[in-house]
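So the structure is just underneath, and the comments pick up after that.
Nothing here was measured: the structure is a model prediction, and the numbers come from that model.
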Amino acid sequence: MGIFQQLTEKPWLTVEGKEPAEQRAFSLESPHVGLRVFLAVATVLFTLFLVVYVERMTFPDWRPLSEPWVLWLNTLVLVISSAGFHWAWVNADRGDLDGIKTGLLAGGMASFAFLAGQLWAWRLLVDLGYYDMANPAIGFFYLLTGLHGLHLLGGLVAWFRTSAKVKAEVGLAQLRLSVGLCAVYWHFLLVVWLVLFGLLLLT
Amino acid sequence: MAYVAPAEVEQIPPAEVEDVELYHAKSWVTKYVFSQDAKVIAIQYSATAIAIGLVGLVLSWLMRLQLGFPELFDFIEPSDYYQFITVHGMIMVIYLLTALFLGGFGNYLIPLMVGARDMVFPYVNMVSYWVYLGAVILLIVSFFVPGGATGAGWTLYPPQAILSGTPGSEGGIILMLVSLALFIIGFTMGGLNYVVTVLQARTRGMTLMRLPLTIWGIFTATVLALLAFPALLVGAVMMTFDKLLGTSFFMPALVEMGVYLDYGGGSPLLFQHLFWFFGHPEVYIVALPAFGIVSDLISVHARRHIFGYRMMVWAIVGIGALSFVVWAHHMYVSGMNPWFGFFFATTTLIIAVPTALKVYNWTLTLWKGNIRFTLPMLFALAFIVTFVNGGITGLFLGNVVVDVPLSDTMFVVAHFHMVMGVAPLLVVFGGIYHWFPLITGRMLHEGMGQFHFWVTFIGAYTIFLPLHYLGFLGVPRRYFEMGETNFIPESAQDLNAFVTVVALTVGVAQIVFFINLFWSLKNGKLAGHNPWKACSLEWRTAHVPPRHGNFDDLPVVYRWAYDYGVPGADEDFIPQDVPPDRVSTGKGEV
């Protein structure tokens with residue numbers, strides 16, 4: 001039954017002679033639904049930060065910041081990371097354990113590389129003398145990249161647990177679930193980063 | 001006979017519900033302390049929330065002592081007073097009511113009412129409680145750091161919240177912000193569970209439109225909270241940056257004690273928008289579960305189906321959606337464009353439409369009902385009256401021209417205490433009197449309950465009606481003492497003293513409620529199965545109180561939760577899991 005039908009149903013009428021149906025709002029597995037609800041919350045959080053960012057820009061003391069070049073490299077690395085997880089997911093559907101391992105390894109390593117690259121970017125900024133926190137553009141840069149980094153670290157916990165599952169040789173069904181969750185999470189991370197990076201570049 | 005006694009449950013054809021793997025606790029610690037059972041977590045949440053709520057109550061007494069008898073109590077310094085105000089507000093709104101309705105009632109009732117064995121992510125649910133406990137502990141700790149807790153007011157407006165003139169601007173404000181961040185993280189973990197359990201774990205036949213309204217209220221409130229709390233988190237994180245790292249997100253250029261501060265260019269108004277983008281939905285995060293629970297209490301105790309069920313659902317959803325576009329009505333005096341004010345005044349008045357619709361439907365449910373003045377019913381009726389009273393003053397304040405002169409007076413204090421203090425608490429009490437027999441297997445003592453109800457109900461009005469009047473006189477809120485105010489008659493002080501005496505009395509009388517809880521735990525009348533003869537699934541468990549896993553066989557649902565007084569049926573209620581061919585009609589089963 002579609003969601004619209006479900007919501008327009010007349011509950012006071014008892015339907016006779018019909019076996020009560022199973023009730024799930026979405027055909028996805030529950031952890032996937034949970035993850036998407038969580039990502040919706042994260043989206044609201046990042047959106048609010050961006051709204052405040054844009055709003056704060058309108059004040060006269062705003063001095064734009066020139067972003068370090070290394071961010072371009074980091075973006076590429078994050079794309080690789082996201083692709084790695086997707087590769088693992090595709091192989092999980094195929095039931096190819098080696099493919100899962102390769103994908104997870106590539107995704108995880110690229111994530112660490114991304115984090116290292118972000119720290120490098122911070123370092124470059126400090127070397128350029130950009131640590132005057134009273135400049136809101138600088139404050140926002142550290143805040144937004146830091147928050148995105150934290151979000152990625154949270155994902156790496158999931159990556160670590162998934163890798164442990166690969167090692168413990170749990171069933172393929174369980175592995176497919178974990179890998180799928182990781183892949184969706186990393187795609188989200190990538191999209192958030194692209195939006196953040198785009199906004200930082202434009203302003 | 002329609003009512004299937006639990007002993008006969010086996011006769012129902014076994015439910016063809018795909019069962020779930022359930023976590024089983026192995027030791028006492030994992031069963032009762034680090035428990036993953038939603039019912040245990042619910043009790044942990046409730047006990048913690050009520051305990052911290054009592055701290056909030058004592059803080060309000062201290063405030064009332066100062067307001068009623070200024071200069072009599074030397075131990076209350078102005079800075080103490082501001083700390084009491086701030087922490088009282090924070091505790092009551094967030095750490096008590098939000099946690100109690102969603103973490104307490106939500107955890108207990110959602111799995112039982114939708115026919116699930118537990119929440120979908122029990123481990124995350126457990127962590128949610130412990131993070132919440134951490135947030136509560138940090139809040140308490142903030143009283144004992146140098147400088148004490150923050151005295152910035154519960155709205156924590158910058159710049160004053162982090163400047164040295166405000167009490168607790170050293171450690172207190174940081175701990176407050178960290179505690180809020182923890183609360184939000186903990187809540188998000190719980191909230192994911194509540195939402196996904198309602199969406200995905202309903203039993204066979206439990207369509208969305210067969211959910212009891214309690215679940216609709218809690219579900220919608222959780223969605224609101226998941227979307228609104230991030231705004232508070234953003235504000236808290238950025239203010240922490242301003243305080244600790246010297247950024248100027250919210251801080252304008254300032255001179256403090258003749259010294260230029262390093263801040264410059266930030267906007268305190270940005271914080272206000274963020275705060276109220278969370279703060280207004282927060283009102284409904286507390287109110288919607290109350291709406292839902294009251295609907296069920298009224299229906300059960302008036303033995304009548306809820307009037308206009310679908311309207312009630314859509315009203316809950318509509319109020320939830322509208323609550324996101326009214327936030328700036330808290331900021332009329334912040335100097336906004338009149339058109340902006342006009343927009344928010346209009347949306348504010350519009351939100352009264354679905355709310356009034358709910359009140360009409362409650363009243364129409366009572367119409368020709370077989371009303372039983374049980375304790376839950378008394379509290380539910382008291383809620384309706386109180387919510388209407390508090391809501392009407394909300395319409396006053398929603399209009400810019402009326403709000404501006406009344407802003408920051410006791411009228412505002414009276415308004416929000418009626419609408420989101422007293423009203424939801426009445427529902428909390430009603431809910432506890434209603435579900436205590438399920439949770440413990442015993443009834444609460446009727447006499448003590450009657451005493452508690454009348455003292456609380458009449459007491460609340462005796463406290464808060466005079467505050468409306470004081471507000472009209474121009475008595476400001478948040479003032480430590482009046483000082484020289486010629487426009488306020490001296491008799492206002494007598495009224496303040498009267499309110500203080502009543503507040504202390506009503507507060508102390510709550511002891512009767514707690515005595516009742518503990519006394520009835522051992523000595524209450526045995527409740528048996530389904531003492532209120534309710535239709536919803538939580539009363540259909542094989543054991544009372546329900547054990548781990550809730551049901552023996554998962555129930556199958558054939559009808560909505562409001563089949564009271566169905567024509568032709570022998571009994572005046574047909575539980576949700578009774579199939580149509582097993583309803584007794586006096587001529588044998590049909």
May I ask you to decide if [Y]'s main-chain N or O and [X]'s side chain share a donor-acceptor pair within less than 3.5 Å?
| X | Y | result |
| --- | --- | --- |
| A:R56 | B:F250 | no |
| A:R24 | B:R202 | no |
| B:R210 | A:P11 | no |

Using a cut-off of under 4.5 Å on heavy-atom pairs, state which of B:L274, B:V234, B:V196 scores highest against chain A.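 Heavy-atom pair counts peak at B:V234.
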Could you have a look at B:Y309, B:F229, B:F241 and say which one has the most heavy-atom pairs with chain A under 4.5 angstrom?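 Highest number of heavy-atom pairs under 4.5 Å: B:F241.
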Region of A:L28 that comes under 4.5 Å of a non-hydrogen atom in chain B: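 For A:L28, the backbone is the part near chain B, not the side chain.
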Below 4.5 Å from any heavy atom of chain B, which atoms of A:F38 appear? Answer side chain, backbone, both or neither.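 Both parts, backbone and side chain.
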Heavy-atom distances under 4.5 Å only: say whether [X] touches chain A with side chain, backbone, both or neither.
| X | value |
| --- | --- |
| B:V237 | side chain |
| B:L270 | side chain |
| B:D563 | side chain |
| B:M238 | side chain |
| B:F277 | side chain |

Apply ring pair (Phe, Tyr, Trp, His ring centres under 6.0 Å) to residues A:F140 and B:F249 and explain how you reach the verdict. CA-CA 8 Å; A:F140 267 115; B:F249 295 128; 4.6 Å; yes
Would you call [X] and [Y] a side-chain contact if the rule is heavy atoms closer than 4.5 Å?
| X | Y | result |
| --- | --- | --- |
| A:K10 | B:R310 | yes |
| A:W12 | B:W560 | yes |
| A:V41 | B:L227 | no |
| B:R559 | A:P20 | no |

What do you reckon, is [atom1] of [X] surrounded by more than 12 foreign heavy atoms closer than 6.0 Å?
| X | atom1 | result |
| --- | --- | --- |
| A:W87 | CH2 | no |
| A:F160 | CZ | no |
| B:D262 | CG | no |

For the atom pair OH (A:Y142) and OG1 (B:T247), what is the distance rounded to the nearest 0.5 Å?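 Spacing of OH (A:Y142) from OG1 (B:T247) equals 12.5 Å.
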Report the distance from atom OG of A:S27 to atom CD of B:Q200, rounding to the nearest 0.5 Å.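 CD of B:Q200 is found 8.5 Å from OG of A:S27.
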List the atom of B:G265, the atom of A:D61, and the distance in Å for their closest heavy-atom pair.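 Taking every non-hydrogen atom into account, CA-OD2, 3.3 Å.
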Determine, stepwise, if the pair A:Q23 / B:T207 fulfils side chain to side chain contact (heavy atoms under 4.5 Å, CB included). CA-CA 6 Å; A:Q23 298 296 324; B:T207 61; 3.5 Å; yes
Contact leader toward chain B among A:Y53, A:F26, A:F59, where contacts are heavy-atom pairs under 4.5 Å: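 Top count of heavy-atom pairs under 4.5 Å with chain B: A:F26.
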